[in-house]
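Values reported hereafter were calculated over all heavy atoms of this structure, with side chains retained and with hydrogens, waters and symmetry mates removed. Position 1 is the first residue of the sequence, and the numbers go up from there. Owing to the predicted nature of the structure, the values given are computational and were not obtained by experimental measurement.
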Amino acid sequence: MNWLIKNAYLSTNSLEEVDIRVKDGRIEEIGQELLSNGEKEWNASGLLLSPGFVDLHIHLREPGGEQKETIETGTLAAAKGGFTTVAAMPNTNPVPDNPEQMEWLVNECKNRGNVHVLPYASITMGQKGTKLVDFVALKQAGAFAFTDDGVGIQEAGMMYEAMKQAAKLDMAIVAHCEDNSLIYGGAVHDGEFSYKSGIPGIPSICESVQIARDVLLAEAANCHYHVCHISTKESVRAVRDAKRAGIHVTAEVSPHHLLLCDEDIPGEDTNFKMNPPLRGKEDREALIAGLLDGTIDFIATDHAPHTAEDKAKGMNDAPFGIVGLETAFPLLYTKFVKTGVFQLEQLLDWLTIKPVQTFNLETGRIGLGVQADFTLIDLKQDKIIQSADFVSKGKNTPFTGWKCQGWPVATFVNGELKWSEGENAQ
């Protein structure tokens, strides 16, 4: 279907409304008072039109975890949250560690996904850290990048060899940084909440020492090394120093680590259990500063759905992870843009342009002839987060009851309306 989007704002710096004509999945014309050529019209008066958000760290759980999420439900949650491109982590069953499984995943995401899905391949077979995958074959099968997300690569030699293989293919190594010898059976951060509750804590060095190791390996291998869900002030310092040294290192931060710290955990509520855990106040402040000064490149949700039964197992035994696709923008807009910490243009960049630039993707902008991937946002809409309203199978969020402003109301992917709130089409 072709569309004519009427009276949308393209920039927060201009009050000028524009029309956008979408034909055959691409933006054909941008102007004012455009006349319909038979397209279906969408009245976007008062709405901001943004490039579709790009989330390079989510978990779709399929195959093997369909009780938690599926390709259909996870990508619908993405569309509802304004995301048009997502990258799916490989900690599934089976793991996409061979070309046959990767080809299956690519085809399933293409046929059943509501948004564009970039599939990660694992670094090691079965994510066990003992044998490297066939990097060449997996790239040919459609792998976006390589990661053992969910577990850290424990041996430096294994990581170095992986980086050399990835560098030959101009591919990135994306790292969940966690030294298993420093986890100490922890379920939360080794900080205030851990001390008060008696729940074992995970120290910050569990993450930061692997980053410090890996940036030097990346320098030696001449590899693009990307840090997942950075969470500690020491980690930010390590990445900042590495960038200053000219090492090709990039990093992402998740909304919950920007919004919360361990002192916000209200008790044994497993919706506040994620990995890496909510850190201390100084860590949260360092993450915000690192995002603002460019040390941290972009925002990624780490959308990690779980069943209610699994999350009911208690703080020590419940799985790590929370959902985030449907609430990321309104939470960040309300808590940071409305309070003057971030500019709206900065937030949009961290959700669109910055991840695209980091991984050289062909998306993330509005212009003539480009793929029509965009979201319409009502910056004035107030709504209370209710997990019962989620289209994701996962309802595990610590943000239930938060009143937020600025909600995506429609998302178009390849020029097709994939999600909308209400009916604005004429």
Side-chain angles (χ1 to χ4, degrees), residues 5 7-18 20 27 30 44 46-58 78-87 115-116 250-259 287-303 324-368 370-381 383 404-413 418-419 421:
I5 310 299
N7 306 315
Y9 295 107
L10 271 185
S11 171
T12 56
N13 296 322
S14 172
L15 298 178
E16 189 174 67
E17 292 182 334
V18 299
I20 292 184
I27 296 175
I30 301 174
L47 302 179
L48 174 68
L49 190 148
S50 167
F53 303 151
V54 177
D55 189 346
L56 298 185
H57 190 142
I58 75 163
K80 185 180 177 184
F83 294 90
T84 56
T85 298
V86 298
V115 303
H116 305 291
T250 56
E252 70 192 38
V253 65
S254 297
H256 43 276
H257 290 119
L258 295 170
L259 292 157
L287 295 174
I288 294 169
L291 195 56
L292 286 168
D293 71 14
T295 300
I296 301 171
D297 296 86
F298 59 83
I299 296 170
T301 68
D302 193 12
H303 175 82
L325 284 167
E326 297 174 61
T327 57
F329 183 83
L331 281 166
L332 295 167
Y333 178 74
T334 301
K335 298 303 177 180
F336 292 109
V337 176
K338 294 291 291 182
T339 58
V341 179
F342 301 156
Q343 298 298 312
L344 178 55
E345 294 291 346
Q346 289 178 305
L347 177 56
L348 292 174
D349 282 354
W350 291 323
L351 291 171
T352 59
I353 294 173
K354 296 299 186 180
V356 165
Q357 290 176 340
T358 300
F359 283 86
N360 299 313
L361 304 177
E362 295 292 331
T363 186
R365 63 189 182 92
I366 302 296
L368 294 178
V370 305
Q371 196 165 264
D373 295 342
F374 56 84
T375 186
L376 295 167
I377 306 168
D378 186 347
L379 294 176
K380 297 181 180 179
Q381 183 184 47
K383 193 161 58 174
C404 294
Q405 186 174 338
W407 292 82
V409 296
T411 300
F412 293 78
V413 181
K418 290 297 185 177
W419 184 85
E421 179 183 273

* Distance from Trp407 atom CH2 to Leu47 atom CG, nearest 0.5 Å? -> 15.5 Å
* Asked: Pairs in or reaching into residues 287-299: which pass side-chain hydrogen bond (donor to acceptor under 3.5 Å, both in side chains), with residues at least two apart or in two chains?
  -> Arg240-Asp293, Arg240-Thr295, Lys243-Asp297, Asp293-Thr295
* Structure fact -> What one should report as the nearest heavy-atom pair of Thr301 and Pro255 is CA-CD, 3.7 Å
* **Results of side-chain contact (heavy atoms from CB on, under 4.5 Å) for Asp349 - residues two or more places apart only** => Ile353, Lys354
* Asked: Mind checking what makes side-chain contact (heavy atoms from CB on, under 4.5 Å) contact with Thr375, not counting sequence neighbours?
  -> Ser50, Phe53, Ile377, Pro408, Thr411
* To do: Nearest 0.5 Å please: distance from the CZ atom of Phe298 over to the CG atom of Leu291.
  => 11.0 Å
* To do: Taking the side chain as every heavy atom from C-beta outward, state whether Val115 and Thr85 have any atom pair closer than 4.5 Å.
  => no
Result block: side-chain N/O donor-acceptor pairs under 3.5 angstrom for residues 359-367, not counting sequence neighbours:
none

* Structure fact -> The side-chain contact (heavy atoms from CB on, under 4.5 Å) partners of Ala372 (sequence neighbours excluded) come to Val22, Ile27, Phe374
* Asked: Within a strict 4.5 Å, meaning less than it, do heavy atoms of the Val18 and Leu49 side chains meet?
  -> no
* Return the minimal non-hydrogen interatomic distance between Ile5 and Ala44, and the atom names on each side. => CG2-CB, 3.8 Å
* Residues forming a ring pair (Phe, Tyr, Trp, His ring centres under 6.0 Å) with His57, sequence neighbours excluded -> His59, His229
* Asked: Do you know the tightest heavy-atom contact between Thr84 and Gly52?
  -> OG1-CA, 3.2 Å
* Asked: What is the minimum heavy-atom distance between Trp350 and Leu292, and which atoms define it?
  -> CH2-CD2, 3.8 Å
* Structure fact -> Hits for side chain to side chain donor-acceptor pair (under 3.5 Å) against Asp373, two or more places apart or cross-chain, chain-then-number order -> His116, Gln371
* **Full working for side-chain contact (heavy atoms from CB on, under 4.5 Å) between Phe412 and Lys418** => CA-CA 6 Å; Phe412 293 78; Lys418 290 297 185 177; over 6 Å; no
* To do: Quick one: pull up CD1 in Ile296 and NE2 in His257 and give me the separation to the nearest 0.5 Å.
  => 11.0 Å
* To do: Calculate, to the nearest 0.5 Å, the distance between atoms CG and NE2 belonging to Asp55 and His303 respectively.
  => 9.0 Å
Side chains of residues 326-343: which donor-acceptor partners sit under 3.5 Å, not counting sequence neighbours?
{"residue": "Glu326", "atom": "OE1", "partner": "Lys80", "partner atom": "NZ", "Å": "3.3"}
{"residue": "Glu326", "atom": "OE1", "partner": "Val391", "partner atom": "N", "Å": "3.0"}
{"residue": "Glu326", "atom": "OE2", "partner": "Val391", "partner atom": "N", "Å": "3.2"}
{"residue": "Glu326", "atom": "OE2", "partner": "Ser392", "partner atom": "N", "Å": "3.0"}
{"residue": "Thr334", "atom": "OG1", "partner": "Pro330", "partner atom": "O", "Å": "2.7"}
{"residue": "Thr334", "atom": "OG1", "partner": "Gln405", "partner atom": "N", "Å": "2.7"}
{"residue": "Thr334", "atom": "OG1", "partner": "Gln405", "partner atom": "O", "Å": "3.1"}
{"residue": "Thr339", "atom": "OG1", "partner": "Lys335", "partner atom": "O", "Å": "2.8"}
{"residue": "Thr339", "atom": "OG1", "partner": "Phe336", "partner atom": "O", "Å": "3.2"}

* To do: List the atom of Pro51, the atom of Thr352, and the distance in Å for their closest heavy-atom pair.
  => O-CG2, 3.5 Å
